[in-house]
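Written out below as structure tokens is the structure these notes cover.
None of the values given here were measured: they were computed from a predicted structure. Letters go in sequence order (proteins before strands), and every chain restarts at 1.
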Amino acid sequence: MELNFEKELDRLNPYQREAVLDESPACVVNANVGSGKTTVLITKIQYLHHIKKVGYEDMTVLTFTNKAADEIKSRLLAAEPELPADKLRGFGTFHSTALYYLREFLPVEDLGYSKEFLVIDPEEELELAYDLIRQHKLKIKYKNRLKKRLESAMAVREAEKKVSKYQDDIFELAGLLKEEKAKQDKMTFFDLLENANFLLKEAEQKSVSPKWVIIDEVQDSDTQQLVFTDRLISRGASLFAVGDPNQVIYSWRGSAFQIFYTLKHKYQAKELTLPINYRSSTSILEAARCFLQNGSPLTGVREPGSKIIVRRQYDAFQDACYLAARMKKLHEEGISYGEMAVFYRLQSQSKIFEDVFLKEGIPFEVSLKKTVGDVPVLKWCIRLLRFSLNTKDTASGIYVLSSREYGEGISGKKAEEIVRAGQPGRSLLFDRMCGLVENCGELGNEEELFTYFELDRYLKPVSASFHEDSDAVRRLFGIMYAYVREQQAERASGMREFVNSSSLYGLDVLREDISRQEDCVKLMTIHASKGLEFSCVFITGVNHGLIPLRTGDMEGEEEERRLFFVGITRAKDHLELSYYMNPQERADPGESRYIRMIPPRLLEHGEDIGPAVSLQELKRQVQEQKRSIAARGSEQSPEQSLEQSPGQSLEQSPEQSPGQSLEQSPEQSLEQSPGQSLEQSLEQRPEQSSEQSPEQSPEQAKQQKLVRHSRYGTGVVVNEDETMLEAEFEGYGKKEFIKAFSELEYI
DNA sequence: GGTCGATTCTTTTTT
DNA sequence: AGAATCGACC
């Protein structure tokens with residue numbers, strides 16, 4: 001064993017070795033980006049076990065994500081395959097460790113819980129809260145933001161709980177909710193830590209007393225987690241914590257920037273540094289150094305590497321087109337798509353990249369956290385199923401009947417009456433829900449289920465989102481039927497199981513158009529990129545107002561800088577930054593000052609404007625998009641859009657029927673933000689209108705139709721086909737519009 | 001139940 | 001700066 005360990009130690013650099021061999025009872029390691037933080041942490045654990053003879057069961061290893069915990073555990077098991085897994089029960093996230101303590105050692109009965117308590121997700125807690133508001137007739141403001149409001153109300157100390165900021169009953173609700181959760185034997189993620197903290201303070205018995213507390217990414221600790229750590233340390237544990245104050249990007253969610261330093265002082269911890277970065281080329285590191293905030297040393301060991309490429313783009317759409325071409329080329333040069341990543345500041349920025357990459361046949365994956373609860377129609381549908389499968393769930397029944405968006409739109413009071421009375425004949429939808437269990441044996445597929453509930457009527461056929469809504473519902477039902485088949489369960493109970501765990505299936509319902517290949521480009525927010533690394537990183541939208549995002553205070557501004565630091569240090573070999581001259585939303589045109597903060601000698605400016613996208617190209621893309629939407633609408637087979645190969649998308653002639661496209665266009669104009677940018681790209685680059693399509697139809701052009709535009713006034717239609725319209729305006733010249741997206745008025 | 005003016009929040013996300 | 005939402009008033 002010891003011999004093995006010596007070998008491990010030899011692989012470390014002197015700084016890493018010092019951290020592992022450190023003997024102080026409390027030690028905080030200031031680990032720079034890419035400096036082998038996890039390796040040090042794991043070697044430290046092995047050192048404590050093999051050399052210091054501390055049992056694994058006497059260590060508590062805390063991480064923030066399951067992913068990090070799994071990595072540590074699997075690396076330990078890889079080095080020592082004989083290790084019984086139950087020795088590592090104290091290894092996990094803060095929450096899972098708290099759960100372990102509560103179940104195994106702490107007297108939860110003191111808080112009114114049983115040992116069999118359930119862990120519930122935030123959604124379920126919110127439902128409990130709404131029930132309580134109704135039952136107790138509480139006055140709560142900003143109900144739609146109740147989740148956030150409750151969170152902050154629970155974080156407030158007892159003494160300050162007198163009057164709420166909005167003069168409502170939020171604290172009363174928090175108290176009632178706490179009682180109700182204990183009564184129903186349910187704990188939220190928050191409760192797990194809160195209750196563990198409470199009982200660790202009170203419990204006399206030394207049932208929980210690890211010898212070592214080892215924390216990964218300490219800089220992300222919030223107050224609750226810090227208290228948890230403190231409870232363990234005051235029970236006699238030594239501390240070994242690793243983190244990077246330059247990577248604090250979650251302070252808005254409760255982790256304090258100074259935590260690294262308060263830890264140091266509170267426990268007189270020894271501070272060590274890991275300065276050597278093994279990940280990035282020195283050019284990238286040098287750029288990163290411009291965004292360091294506490295002057296810590298950051299040393300590179302790699303070659304200078306290529307310069308950082310800065311690109312000026314017209315807008316996000318053009319950037320996406322450029323990136324698609326660039327990535328194809330890199331792929332041809334032998335770099336796998338899995339080594340490339342696109343980062344952006346806001347979730348909403350991903351859509352245009354998804355659309356373009358899909359069209360260009362670039363395999364990609366978007367990291368986003370969306371559940372069925374985020375899509376109103378699916379939320380409604382899940383409640384519909386929940387009540388149908390368990391008519392005791394009256395809250396769901398009332399929700400379904402009284403929803404303003406969907407269903408019969410019955411008033412809340414009347415819905416409650418109907419549901420509580422349980423008598424048939426007063427609402428068709430209610431009767432159908434009550435009859436599902438009886439009838440579902442005959443409903444063999446999603447279409448029959450859809451028809452059974454007559455959802456064509458209840459999903460508001462007149463609303464703009466009807467097609468999208470019914471698609472989503474069909475997909476949800478489809479997944480449910482697949483699940484039931486797979487489980488080989490009896491249909492009603494299979495459905496019940498599916499509905500109970502529906503939050504887990506949210507992703508599959510929503511990402512129907514995302515390629516599932518292994519080797520694919522990753523699209524994500526900079527936040528989501530933390531802890532990852534890629535050979536090629538493209539950060540898009542480096543405009544002021546986006547990166548950095550316009551923030552109110554200095555602290556926010558500093559966090560934006562750390563965020564950008566995190567983003568650029570993900571890159572190993574190649575980094576590209578882009579900014580827009582015509583940004584869509586909140587951003588200002590032109591490069592962010594963050595780009596000007598990087599020494600010019602490290603930068604190389606790409607072509608001023610990326611490869612020009614011809615009108616022809618744009619047209620084709622829009623048509624194809626329409627086609628795939630139409631295809632989805634009529635045959636509900638999402639696989640179609642998945643199987644697009646790059647070759648396919650190039651030579652397609654429009655096969656859609658004109659009637660269909662006209663019917664659908666108003667809905668699209670509401671839903672499709674990339675379309676708007678398409679239109680704008682065209683509007684403001686009239687010089688491109690010379691590249692005319694060969695498919696123009698002369699008959700239409702002759703008719704001298706007039707249109708009115710909000711900005712250009714009245715114009716004469718020069719050219720028109722299914723998707724495009726070209727008109728000449730006095731004083732502005734010829735402009736091309738995409739019919740579906742422009743708000744032109746026909747005269 | 002509908003309109004007006006005032007007030008509040010807006011982004012990032014894990015468990 | 002603009003959207004969403006609240007409360008007051010009719």
Distance in angstrom units between A:Leu563 CG and B:dT11 P, rounded: 15 Å
Minimum-distance nucleotide (side-chain atoms of A:Thr525 versus B:dT13, B:dT15, B:dT11): B:dT13
Which residues pass the side chain to side chain contact (heavy atoms under 4.5 Å, CB included) test with A:Asn197, not counting sequence neighbours? A:Gln224, A:Val227, A:Phe228, A:Arg231
Quick one: A:Asp191 CG to B:dT15 C1', roughly how many Å, whole number? 12 Å
Ring center gap for A:Phe343 and A:Phe538 short of 6.0 angstrom: no
Give the nucleotide from the list B:dT15, B:dT11, B:dT13 with an atom nearest to the side chain of A:His527. B:dT13
Measure from CD1 on A:Ile249 to P on B:dT13 and round the result to the nearest Å. 9 Å
Tell me, please, which residues at least two apart from A:Glu71 pass salt bridge (charged side-chain N to carboxylate O under 4.0 Å, His left out). A:Arg75
Could you work out, with salt bridge (charged side-chain N to carboxylate O under 4.0 Å, His left out) as the rule, every residue matching A:Lys530, not counting sequence neighbours? A:Glu217, A:Asp220
Which residues pass the salt bridge (charged side-chain N to carboxylate O under 4.0 Å, His left out) test with A:Glu194, sequence neighbours left out? none
What is the distance, to the nearest angstrom, from the CZ atom on A:Phe64 to the C1' atom on B:dT14? 10 Å
In whole Å, I'd like the distance from the NZ atom of A:Lys67 to the C1' atom of B:dT13. 14 Å
Distance, C1' atom - from B:dT13 to C:dA3, rounded to whole angstrom: 23 Å
Does A:Arg596 have any side chain to side chain contact (heavy atoms under 4.5 Å, CB included) partners at least two apart in sequence or in another chain, and if so, which? A:Glu591, A:Arg593
Just how far, in rounded Å, is C1' of B:dT15 from CG of A:Leu192? 8 Å
Calculate the interatomic distance between A:Leu546 atom CG and B:dT10 atom C1'; express it in whole Å. 14 Å
Atom CD of A:Glu125 to atom C1' of B:dT14: distance rounded to whole Å? 15 Å
Would you tabulate the nitrogen or oxygen pairs shorter than 3.5 Å linking the protein to nucleotides 2-5 of chain C?
from  : atom 1 : to       : atom 2 : distance (Å)
C:dT5 : OP1    : A:Asn144 : ND2    : 2.4

Any side-chain N or O of A:Thr188 below 4.0 angstrom from OP1/OP2 of B:dT15? no
OP1 or OP2 of B:dT13 sitting under 4.0 Å from any side-chain N/O of A:Gln347? yes
Check: A:His544 ring centre within less than 6.0 Å of A:Tyr594 ring centre: no
